[in-house]
Structures are given as structure tokens and as C-alpha cells.
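Scroll down for the structure; my scribbles are underneath it.
It should be emphasised that the depicted structure is a prediction, and the values quoted were computed from it without experimental measurement. Sequence lines set the chain letters: A, B, ... in the order given, protein chains first and strands last, and positions in each chain run from 1.
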Amino acid sequence: MDVSHLLDPLNDAQRQAVTSPLAPTLVLAGAGSGKTRVLTHRVAWLVQVENVPPGGILAVTFTNKAAGEMRGRIEAQLDLPSAPLWVGTFHGIAHRLLRLHWREAGLPQSFHIIDAEDQQRLVKKIIRGMELDESRWVPREMAWFINAQKDEGLRPRHLQDEGDLDRRQRIRIYEAYEDACHRSGLVDFAELLLRSYELWKEVPGLVEHYRNRFAHTLVDEFQDTNTIQYAWMKALVGSSSLPFVVGDDDQSIYRWRGARVENLQQFRRDFPGVQLHRLEQNYRSTGTILAAANAIIANNSGRIGKKLWTSDERGEPIRLYRAYNERDEAEFVVNRVRNWVTRGGKRSDAAILYRSNAQSRVFEEYLLAARVPYRVYGGLRFFERAEIKDALGYMRLIANRDDDASFERVVNLPTRGIGARTLELLRAHARANSCSLWQAGVACASGLSARAASCLNAFLDLINRLEQDVLDLPLHEQVDHVIQASGLAAHHKKDRGDRGEARLENLEELVSAARGFEPDDDSMTPLAAFLSHAVLESGEGQAEEWEDCVQMMTLHSAKGLEFPLVFLCGMEDGLFPHQRSIADVQGLEEERRLCYVGATRAMRQLFVTYAEQRRMHGVDSYGAPSRFIAEIPPELLEEVRPRVQVSRPAYQPWRGRAQARPTAVQGRSAATQRFTDDAPGSLRLGQHVRHEKFGSGVVINIEGQGSNARIQVNFERQGTKWLMMGYAKLDVVQN
DNA sequence: CGTGGGCGGATTTTT
DNA sequence: TCCGCCCACG
């Protein structure tokens with residue numbers, strides 16, 4: 001068979017990896033080195049050259065997006081439907097296994113998946129049920145604890161209190177949580193993985209069956225696997241199936257949620273004779289950007305080792321901007337974006353990256369003021385919105401009356417006279433009889449006041465009736481009917497204004513989502529399949545109209561993306577690297593990897609900015625420039641400094657000795673200092689000025705324009721004052 | 001049962 | 001500073 005179409009588009013290293021002999025294989029794939037291409041071509045190679053039937057291949061990723069992309073590219077590559085291949089996320093595949101083997105897994109056939117929010121609510125409910133102090137046993141932290149145990153493969157019975165009373169209590173909460181999940185048939189995300197791992201371990205013959213079926217297991221982003229995912233893969237692969245894993249230890253940024261970079265090294269130990277390939281040629285960035293990224297990451301210890309190179313030109317230097325404060329930083333970035341657009345660039349080619357979400361606000365304000373369209377990634381996603389979860393709550397209750405979380409969610413939404421008193425009674429009854437709230441409702445209807453009883457009965461009847469109404473309807477009509485008949489639609493319609501309207505639109509969008517939904521698993525009802533889909537696939541991009549806009553996101557969410565123009569903002573010690581990660585080496589190295597990820601997002605031009613002063617949580621703080629800046633070789637950097645210039649002739653530059661500010665990069669002065677045209681030609685924030693009466697100070701705010709503008713100056717001796725531009729006699733201090 | 005004010009807490013995020 | 005949560009009040 002002619003395989004030239006398969007191999008021609010590959011470079012040497014990629015070709016080596018794709019055609020790797022049938023042995024355990026590890027591909028170290030640097031940023032932008034064509035990792036996905038290698039994975040998809042490997043699948044095609046296995047099918048077309050090694051004659052592996054597509055059904056014998058399992059490909060695992062972390063995100064639905066990556067899974068979708070891989071599936072699409074495999075289909076294009078093979079030119080046949082990829083249905084027989086199992087391509088999915090760890091969670092999606094675990095889910096599929098549990099649906100197929102629910103009995104062996106000890107789950108009810110109708111088990112439901114709960115998302116992180118549901119989980120936290122449930123944990124909170126349990127803590128309350130145990131009459132524990134919620135400020136001491138913080139639900140969020142307890143949920144975290146439970147997930148961390150599950151990620152390590154640990155059940156309560158595996159845990160010892162070690163004589164520690166706190167720990168003992170945490171284990172009890174974990175136990176109580178497990179009981180509750182069991183009673184209601186609920187499965188959280190970590191449980192999907194752990195349960196399917198236990199399936200391998202405890203059901204005789206099952207893992208052998210899958211081992212035989214999947215002769216090849218491919219794993220993407222291997223550096224992100226946690227303990228249980230690694231153990232799961234290892235158990236599946238056994239000694240007869242062949243693993244092909246791709247990852248980059250330098251891009252491991254999820255240690256804090258259980259990811260183990262060590263799994264890469266562990267893989268080499270666990271599978272002797274591993275074929276190791278390195279993809280080091282980068283097709284994304286300029287030489288300068290790569291040199292900087294390489295230099296930064298070289299400061300980490302214990303790397304497997306890898307050095308990116310490119311045949312691309314050196315390109316522009318990395319530009320460093322030292323802002324006076326976060327507003328100045330935002331203004332600079334916005335000006336640069338406008339500049340880019342003026343010169344014909346697309347807004348969507350520009351990305352503003354930052355360490356934490358809170359930083360987006362200032363950028364948003366300035367982009368808004370400059371009327372530059374933007375999009376912030378990382379808000380609530382479609383299926384996480386309250387109104388959507390309410391509607392799904394009804395659907396879930398229809399599918400499973402014992403789903404307490406959904407019961408509580410919708411029992412009084414819209415309000416129908418079932419208040420806290422009634423609910424407390426039901427909870428007590430449910431607790432006493434170890435039954436669900438629904439069962440408690442059926443049982444205690446008589447023990448309530450006539451009024452409460454009739455309200456409650458009306459609700460029980462409503463749910464029963466909805467189930468009947470919906471029985472023979474196609475999925476989207478089921479959803480529509482429930483939204484209407486439950487009163488949810490009317491409830492939001494009452495709320496005049498943007499918010500209610502937006503919620504109604506989202507509910508309509510839910511109906512469309514249901515209309516477009518294609519179940520991929522016929523062991524479930526379409527409704528059950530849709531509900532699982534809604535939890536596992538949180539709906540990124542749902543109902544998002546696409547416009548050419550500036551992209552804003554955290555460094556974490558930028559992983560895997562690329563942009564011609566990138567701004568790495570807020571590069572200050574304490575913010576990035578984050579204060580909470582600075583103390584230990586591991587934490588700091590992860591921050592450094594994050595910096596590496598950020599830098600390697602840039603294709604043509606990288607800007608690095610930091611603010612000398614930053615207002616956070618209402619307090620001003622003064623951070624030193626990020627230590628990562630100093631790790632960039634100075635010859636790659638060019639410091640951008642605003643031209644110190646006054647727009648109005650009224651301001652006479654003060655002819656004193658220039659106040660030298662410390663150079664941006666500590667201990668280095670090689671960064672080329674050049675005055676550029678960034679200042680809009682007026683007094684800028686951070687400008688040192690002198691007033692004949694108040695003395696010297698610093699401009700900290702500017703409002704308005706022209707002679708009507710007001711400026712706020714922080715005077716050394718007099719404190720802050722607002723001054724009218726037109727009247728104040730200010731001298732600019734050259735600095 | 002719904003709202004407003006006081007309080008505490010405030011990396012990073014997918015599934 | 002700002003957001004979300006809880007409780008007290010109308």
C-alpha cells in the first residue's frame with residue numbers, strides 16, 4: 001500500500017514516531033511541534049500499514065475539544081467513519097464502560113453523573129446532616145479532600161485516621177458522602193475514573209476482554225494524567241496491549257489538581273524497552289520567542305530534556321513594558337492592540353494572557369472604553385448556567401425520582417409554597433428512613449399541614465404528569481414541554497429586563513441543543529444520554545456568536561492554543577509566580593512551566609508587561625518584576641518606554657536632574673532602552689510631576705480629555721489631589 | 001418567600 | 001474592591 005500521503009507531510013522526528021515499531025512508545029512533544037498530527041497519523045499508520053482494525057484502537061484525551069479534534073482528523077486521514085474507534089476523554093470512556101457494565105460496577109442502571117457544583121452542594125448537605133460546623137468543615141475543602149482521595153484510588157476503608165481527630169472526621173464525611181451517592185445513584189467525576197478502575201481490578205475477565213479488544217491504546221497530554229488515570233491505563237494495557245503516549249513534561253501545569261508529571265518517567269520504568277521520540281522542531285514561533293522559552297524552562301530541574309528549535313526567522317524582539325500600575329498596563333496593551341488592528345491585524349489574532357481571572361477586569365474596562373471587541377474565556381459555560389441546571393434538574397427528577405440534589409433544586413422553583421419548614425421535615429424523614437426525599441415526600445404528605453401537603457402533592461403530581469406527558473415525545477419536545485409546564489419559562493418571563501430575557505434565550509438554546517443531540521449510546525434512553533452529555537460536556541462554545549475579537553484568558557486556558565500576538569501580563573513576583581506557589585520548589589517550577597506555556601503561545605510577537613503598583617483586593621501592592629523576566633536573555637528583550645512628552649505647551653519640562661528609575665530587569669541593563677510612540681501624547685500615568693505649591697508627585701489617575709481633563713496626583717508631602725488640567729501649573733519631571 | 005445589608009474570602013480548571 | 005453567601009426583616 002502506498003503510504004506516502006501519510007508520511008510525506010511529516011518531518012523526520014515525526015515520521016520516526018508515527019512509524020515507531022510495535023512496542024510501548026513515548027513521544028515527548030514540545031509546544032507547537034505537531035503532536036496532534038503525530039497521534040492522528042499514528043492511528044492511520046496502525047490501520048493502513050499494520051492492519052489493525054479501527055475497532056482495536058483506543059485514543060484518550062483530556063478535553064472534549066481535543067477528543068473532537070482528534071476524531072475529526074482521524075476521519076479525514078482514514079477517509080472512513082471513525083465510529084468503531086474509541087476516541088474520548090478519560091471521563092467519557094469511563095462513563096461508557098460504566099454504562100455497559102453498570103451491574104458489575106455495582107451501580108443502578110439509571111445512575112447519574114453530578115458535576116462539581118452538585119457535588120459541593122451534596123457535601124454541604126451531608127455536613128449539615130451530620131450537624132457539623134460548616135466553618136470548620138468547609139464543604140468546598142471537604143469536596144476537594146474527597147476528590148483528592150479518589151484521584152489516588154483511595155476509598156474510605158483505605159484511609160487511616162493516624163490518631164488525628166480532624167482526619168478521622170474528614171474520613172467520616174467521605175464515608176457519609178459515599179453513602180449518599182450510593183442511595184441516590186450519583187457518580188461524580190472522580191468516581192467515574194475510580195469506579196472503572198475498580199472494574200478492571202475486581203471483575204474477573206473483564207480487563208482481559210478489553211485488553212484483547214484494544215491492541216493499541218493512545219494517550220494524549222500524558223503529563224496531565226493523575227494517579228488513577230495512570231493506573232487505569234496501565235491495567236488496561238497489561239502485557240498484551242501497546243501504549244503510545246504523547247506528552248510534554250515542560251507543559252505540566254495541573255499538579256495542583258492531581259496531575260503527576262512523574263508518570264512520564266514512571267512510564268519508562270514500567271514499560272521496559274520504551275521507544276522514546278522527541279519532537280523538537282517548532283512550527284509556531286519565531287526564533288526569538290523560542291530562545292526565550294528555552295531559556296526560561298532551562299531553570300527547572302529534573303526535566304527529561306528537550307530543546308525547541310525552528311527554521312523560522314529570529315523575528316521581532318520580545319517587548320517588555322514596565323507599567324506604572326494596572327491601568328497603565330491595560331492602556332498600553334489596548335493601544336498595542338489598536339495599533340495591530342490599524343496595521344491590518346485581526347483582533348482575534350491577539351491574546352491577552354494573565355495568571356488569574358481577576359486581572360481581566362481592568363483590561364475589559366479599557367477595551368470597552370476603546371470600543372475594541374473582546375472575549376473573555378473561562379466564565380460559566382452553557383450547561384453550568386443556573387437556569388439550564390434548573391431545567392435539567394426537572395429532567396433528572398423525571399428520569400430518577402431518587403435524585404435528591406435535583407429534588408431540592410427544583411421543588412420550589414418557581415415558588416409553589418414548599419418552604420424551608422416542609423423541606424426540613426422531608427429531610428428528617430429521609431434521614432431517619434434512609435430514603436430519598438421523593439420517597440419521604442410520598443410518605444409524609446399526611447403528616448404535614450393541609451396547606452403544605454397540598455402544595456407538596458401538587459409538586460409530586462407535576463413530576464409524575466410531566467413524565468407521562470413526555471413519554472412519546474422526541475427529546476427536544478420533551479425539554480420544551482418540561483420548561484413550559486414546570487413554570488420555569490413563565491418564571492423567567494416575569495423577570496423583565498436583560499437578565500430574564502437572557503435566561504429565556506438560554507432555555508430556548510437548550511431546546512435547540514436537545515434537537516441537535518445525537519445519542520451515541522443506545523443502551524440508554526435519549527433523555528438519559530442527553531443528561532450525561534450535559535454534565536460531561538459542559539458546552540463550551542454553545543450559542544456563542546463568533547466575532548473578530550481580542551482573546552482574553554488565563555495562562556491555564558491558553559494551553560494548546562496559539563496567537564500571532566501575545567501579551568503576557570501581570571508579570572510580577574507574587575502574582576506570577578503566584579504568592580502561594582513561590583515557597584516550594586515544586587510550586588515554583590510549575591509556575592515556570594506555566595510561563596513557558598504562555599511564551600510558546602506566541603507566533604510572531606510577544607509582549608511582556610508588569611506593573612510597579614497594582615491594586616488588588618482593594619489594596620495597593622508593589623511587586624518586583626517577575627523573576628521569570630530576568631530569566632529571558634537580555635539580548636532578546638527590548639524595553640518599550642513611553643515617550644515622555646507633554647501635549648500642552650503650558651507644561652514646561654522640569655529641567656532638573658533626571659530621576660533614574662531602577663532598570664526593569666534587576667541586575668541587567670542590556671535590555672535595549674528605546675523611546676517609542678506609545679504615549680498618546682499627553683501626561684501619562686506614573687508620570688512624575690512638580691507643582692509650584694504642592695511640590696513633587698506622581699500622576700495616578702487621569703479622567704476626561706483636553707482642558708476639561710482632571711488628573712489625580714499623589715504628592716509626596718500633600719497626599720493625593722485632583723487637579724484641573726487647564727489650571728494646574730505642573731512641570732513634568734523627566735524620568 | 002424574596003430581598004438587602006453585613007461578612008469573609010479572593011490562584012489556576014476539566015471532566 | 002468585589003463577589004457570593006447567610007441571615008434578618010418586611
Side-chain angles (χ1 to χ4, degrees), chain A residues 60-67 88-95 113-121 124 128 134-135 138-141 144 147 150-151 187-194 196 221 224-226 228-229 252-259 326 353-362 365 377-381 383-384 386 412-423 452 455 491 494-495 532-540 553-560 570 574-582 587 590-591 593-595 597-598 614-621:
Chain A
V60 197
T61 63
F62 275 84
T63 65
N64 290 301
K65 195 172 152 219
T89 62
F90 275 102
H91 292 86
I93 284 163
H95 175 235
I113 306 169
I114 55 173
D115 67 13
E117 192 204 337
D118 297 337
Q119 182 188 35
Q120 208 173 295
R121 286 166 101 102
K124 182 184 221 163
R128 286 188 176 173
E134 271 178 75
S135 59
V138 185
R140 216 187 56 236
E141 288 167 10
W144 183 276
N147 290 333
K150 290 189 181 185
D151 285 348
V187 172
D188 61 48
F189 289 135
E191 184 73 21
L192 284 170
L193 300 175
L194 179 51
S196 60
E221 304 278 17
D224 285 339
T225 52
N226 63 26
I228 198 73
Q229 285 161 335
S252 162
I253 55 174
Y254 288 112
R255 190 178 77 102
W256 52 275
R257 64 176 203 215
E326 74 281 356
L353 309 182
Y354 36 79
R355 177 66 233 267
S356 65
N357 287 306
Q359 288 169 254
S360 74
R361 223 194 73 227
V362 191
E365 280 169 16
Y377 285 78
L380 273 192
R381 271 147 335 170
F383 287 115
E384 291 167 356
N412 204 32
L413 189 96
T415 42
R416 46 173 74 89
I418 304 171
R421 293 259 296 272
T422 310
L423 214 52
C455 290
H491 174 70
K494 263 201 326 221
D495 182 0
S532 298
H533 166 85
V535 188
L536 283 173
E537 164 89 72
S538 47
E540 179 70 75
M553 68 196 79
T554 62
L555 288 156
H556 282 90
S557 26
K559 195 172 87 157
L575 185 58
F576 186 35
H578 196 274
Q579 194 59 50
R580 292 166 77 147
S581 313
I582 266 174
E590 177 144 310
E591 297 282 312
R593 291 192 291 267
L594 196 53
C595 186
V597 166
R614 183 177 295 274
R615 202 175 181 84
M616 280 196 90
H617 314 317
V619 228
D620 283 327
S621 56

Using a heavy-atom cut-off of 4.0 Å across all strands, would you classify A:Glu591 as base, sugar-phosphate, or nothing? base
If the cut-off is 4.0 Å, is A:Arg593 near the phosphate of B:dT12, judged by side-chain N/O to OP1 or OP2? no
Length of the line joining A:Leu555:CG and B:dT12:C1', which is rounded to integer Å: 9 Å
Salt bridge present between A:Lys559 and A:Asp224 (N-O < 4.0 angstrom): yes
Taking only side-chain nitrogens and oxygens of A:Thr89, does any of them come within less than 4.0 Å of OP1 or OP2 of B:dT15? no
Using a cut-off of strictly less than 4.0 Å, decide whether A:Thr554 has a side-chain nitrogen or oxygen near OP1 or OP2 of B:dT13. yes
Pi stacking test for A:Phe62 and B:dT14: under 5.5 Å apart, planes under 30°: no
Could you tell me whether A:Lys150 and A:Glu191 have a side-chain N and a carboxylate O separated by less than 4.0 Å? yes
Which part of the nucleic acid, if any, lies within contact of A:Asn412, taking any heavy atom under 4.0 Å across all strands shown: a base, the sugar-phosphate backbone alone, or nothing? sugar-phosphate
Considering all heavy atoms, the nearest A:Ala116-A:Phe189 contact: N-CE1, 3.9 Å
Measure from CZ on A:Phe90 to C1' on B:dT15 and round the result to the nearest Å. 12 Å
From NE2 of A:His491 across to C1' of B:dC1 the rounded distance in Å is 12 Å
What nucleic acid atoms does A:Ser557 come within less than 4.0 Å of, heavy atoms only: base, sugar-phosphate, or nothing? sugar-phosphate
Using a 3.5 Å distance criterion without hydrogens, assess whether the side chain of A:Gln359 forms a donor-acceptor pair with backbone atoms of A:Ser356. yes
Considering only atom C1', compute the distance from B:dT14 to C:dC3 and round it to an integer number of Å. 23 Å
Categorize A:Arg128 for me: base, sugar-phosphate, or nothing, with a 4.0 angstrom heavy-atom threshold over every strand shown. sugar-phosphate
Salt bridge (Lys or Arg N to Asp or Glu O under 4.0 Å) filter on A:Glu141, not counting sequence neighbours, yields none
Decide, applying a 5.5 Å centre-distance limit and a 30° plane-angle limit (both strict), whether A:His578 stacks on B:dT11. yes
Just compare B:dT14, B:dT15, B:dA10 and give me whichever is closest to any side-chain atom of A:Arg257. B:dT14
Interatomic distance where CG belongs to A:Leu413 and P belongs to B:dC1 [whole Å]: 12 Å
What is the minimum heavy-atom distance between A:Ala94 and A:Ser196, and which atoms define it? CB-OG, 3.4 Å
Residue met sooner reading DNA chain B from 5', once A:Arg140 and A:Trp256 are mapped to nucleotides: A:Arg140
Note: for A:Arg416 and A:Asp115 on DNA chain B, the residue whose nearest nucleotide lies more 5' is A:Arg416
Please report the distance separating the C1' of B:dT11 from the corresponding atom of C:dC6, rounded so that it comes out in whole Å. 25 Å
Output yes when a side-chain donor or acceptor of A:Ser621 lies under 3.5 Å from a complementary backbone atom of A:Arg614, and no otherwise. yes
Shoot me the first and last contacting nucleotide of DNA chain C against chain A, ordered 5' to 3', at under 4.0 angstrom to non-hydrogen atoms. C:dT1 to C:dC6
Touch check for A:Lys124, heavy atoms < 4.0 angstrom, all strands: base, sugar-phosphate only, or nothing? sugar-phosphate
Please determine whether a side-chain nitrogen or oxygen atom of A:Asn64 lies at a distance below 4.0 Å from atom OP1 or OP2 of B:dT14. no
List the residues meeting side chain to side chain donor-acceptor pair (under 3.5 Å) with A:Ser252, not counting sequence neighbours, and say none if there are none. none
What integer distance in Å separates A:Lys65:NZ from B:dT15:P? 10 Å
Taking CG from A:Leu536 and P from B:dT14, how many angstroms apart are they, rounded to a whole number? 14 Å
A:Glu384 CD to B:dT13 P, in whole Å, measures 12 Å
Is there a side-chain polar atom (N or O) of A:Arg580 under 4.0 Å from OP1 or OP2 of B:dT11? yes
Using whole Å, what does the distance between atom P of nucleotide B:dT15 and atom CD of A:Gln119 come to? 16 Å
Side-chain N or O of A:Asn357 less than 4.0 angstrom from OP1 or OP2 on B:dT11? no
Of all heavy-atom pairs between A:Arg257 and A:Asp151, which one has the smallest distance, and what is that distance? O-OD2, 3.8 Å
